[in-house]
There are 2 protein chains.
Amino acid sequence: MSIRLVIADDQALVRGALAALLGLEPDIEVVAELGDGTGVAAAVVEHSADVAMLDVEMPGLDGISAAAAVRRAAPSCRVLMVTTFGRPGYLKRAMQAGASGFVVKDTPARQLAEAVRRVHQGLRVVDPVLAAESLTAGDSPLTEREGEVLKAASDGGTVADIAKSAMLSEGTVRNYLSAAMAKTGGRTRAEAVRIAEDNGWLL
Amino acid sequence: MSIRLVIADDQALVRGALAALLGLEPDIEVVAELGDGTGVAAAVVEHSADVAMLDVEMPGLDGISAAAAVRRAAPSCRVLMVTTFGRPGYLKRAMQAGASGFVVKDTPARQLAEAVRRVHQGLRVVDPVLAAESLTAGDSPLTEREGEVLKAASDGGTVADIAKSAMLSEGTVRNYLSAAMAKTGGRTRAEAVRIAEDNGWLL
DNA sequence: AATGCGGGATGACAAATGTCATGGGGCTGG
DNA sequence: CCAGCCCCATGACATTTGTCATCCCGCATT
């Protein structure tokens, strides 16, 4: 009996190519393809899928939240995350959300089907390089509000903009940004944003 | 006789999947897969390819430069650009570099093989949505140095850092940034960077 | 009860940033 | 040849940032 697989990725080209590639495997059957995270859990239930392959970066519901939703709706379905960027923080959060595997998109294509099989058997699959980074990089040092403020700052707005969007005083915003800069090691607000993004600390 | 195709994309998973997908077509033969732009022109010559499928964002030599290199080395080989982000500026620059087609990665997978065939026949293939955007968005309003300085600012460094890396006076850097902000409409340096990036003005 | 920590805020101050006027040199098109 | 534009630079100036000290409150730990 073949492995029933659901694929969710926002890039149709990639999604289609992955489906075609995995569909070639005799023991894998692609039962659904989604373009965002919102319908994943429902699709998993509807097609009684064995494995869900999710991209982390997706419009609507992001991959991590989608993974949690899948685990809640269908505990027997394993989740394999596939992502473009090897952000250490993503890995940890994905595992905490109940994912069984985590691979980046520049792993050899051959290993993908194998990863699906391993995950289906209940094993964990993690990119070894990423796992090592994750250990050294550790968790986000940012407090919840610090993260929110930094995220609000990530599109380049002024302090006043951030204060308005976060319902905070301007001085408080500057304090949080200052703390975030200290913790990330960035010497500028923009640098702190970039560092936090690279580490997957901003969701 | 089948179409001889070279594929270059930095994400191995995507690259492999695309190769598998297109390899299924009876009239297409994938003769080479590359992970960066540097060897593309050589590979095209070596395998006497008919079409080169290039990602815009690649380490080493970027897709646009690679496209130009291919056109120089093998004028008979058509170039089809495939990109993640639909940056209007990329389209224009790719066409100027000699590309025959430009599609984004969230176009339906079925159309991809068709795009390859069209390009091979000498036709131009352009995502219609992107083409429309490209007309309104127009060319980069930034002057060459303005672009360089803004690019140098894109990783969040301070004015002093930028000045050092660009061999300019700090005052001059501030002037260029100011001009860039005025032209992009951004109210902050970071905002200007984001706007310019979104439009494909920073390469 | 005391301590510590996160959230929220204020005020003050130094440093960085954004703006503007101004100048000179080089190149190009009318 | 001259006007116009880009490049490079300086200096002065108003704002914005980033930093720091210092509060208050609530909550969990001890």
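All values below were derived from every heavy atom in this structure, side-chain atoms included, with hydrogens, water molecules and symmetry-related copies excluded. Note on naming: letters A, B, ... go to the chains in the order of the sequence lines (proteins, then strands), and numbering restarts at 1 for each one.
Rounded to 10 degrees, the angle separating the terminal helix axes of the helix from C/dA1-D/dT30 to C/dG30-D/dC1, each built from five base pairs, is 30°.
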Readout for nucleotides 3-22 of chain C: B = base within 4.0 Å of protein heavy atom, S = sugar-phosphate only, - = neither; 5' to 3' it is ---SSSBB-B----BBBB--

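Applying the salt bridge (Lys or Arg N to Asp or Glu O under 4.0 Å) rule to B/R174 yields no partners; only residues at least two apart in sequence or on another chain are considered. Checked against side chain to side chain contact (heavy atoms under 4.5 Å, CB included), B/R93 has the following partners two or more places apart in sequence or in another chain: B/I64, B/L203. B/A160 is linked by a side chain to side chain contact (heavy atoms under 4.5 Å, CB included) to B/T158, B/E170, counting only residues two or more places apart in sequence or in another chain. When the side chain to side chain contact (heavy atoms under 4.5 Å, CB included) test is applied to B/A109, the partners found at least two apart in sequence or on another chain are B/L21. Qualifying side chain to side chain contact (heavy atoms under 4.5 Å, CB included) partners for B/P75, counting only residues two or more places apart in sequence or in other chains: none.
Each of A/V125, A/L123, A/V119, A/V70 was compared with A/R78 under the side-chain contact (heavy atoms from CB on, under 4.5 Å) criterion, and only A/V119 meets it.
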Enumerate, atom names and distances included, each donor-acceptor pair closer than 3.5 Å involving a side-chain atom of residues 40-54 of chain B, sequence neighbours excluded.
| from | atom 1 | to | atom 2 | distance (Å) |
| --- | --- | --- | --- | --- |
| B/H47 | ND1 | B/A43 | O | 3.0 |
| B/D50 | OD2 | B/R4 | N | 2.8 |

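Sorted by first and then second residue, the salt bridge (Lys or Arg N to Asp or Glu O under 4.0 Å) pairs involving residues 54-64 of chain A (not counting sequence neighbours) are A/D55-A/K105. Every pair passing side chain to side chain donor-acceptor pair (under 3.5 Å) that includes a residue from residues 117-126 of chain B is listed here, sequence neighbours excluded: B/E25-B/R117, B/D27-B/R117, B/E114-B/R117. Within the structure, the side chain to side chain donor-acceptor pair (under 3.5 Å) test picks out the following pairs touching residues 187-197 of chain B (sequence neighbours left out): A/D161-B/R187.
Extent of DNA chain D lying under 4.0 Å from chain B heavy atoms, first and last nucleotide in 5' to 3' order, is D/dC6 to D/dA12.
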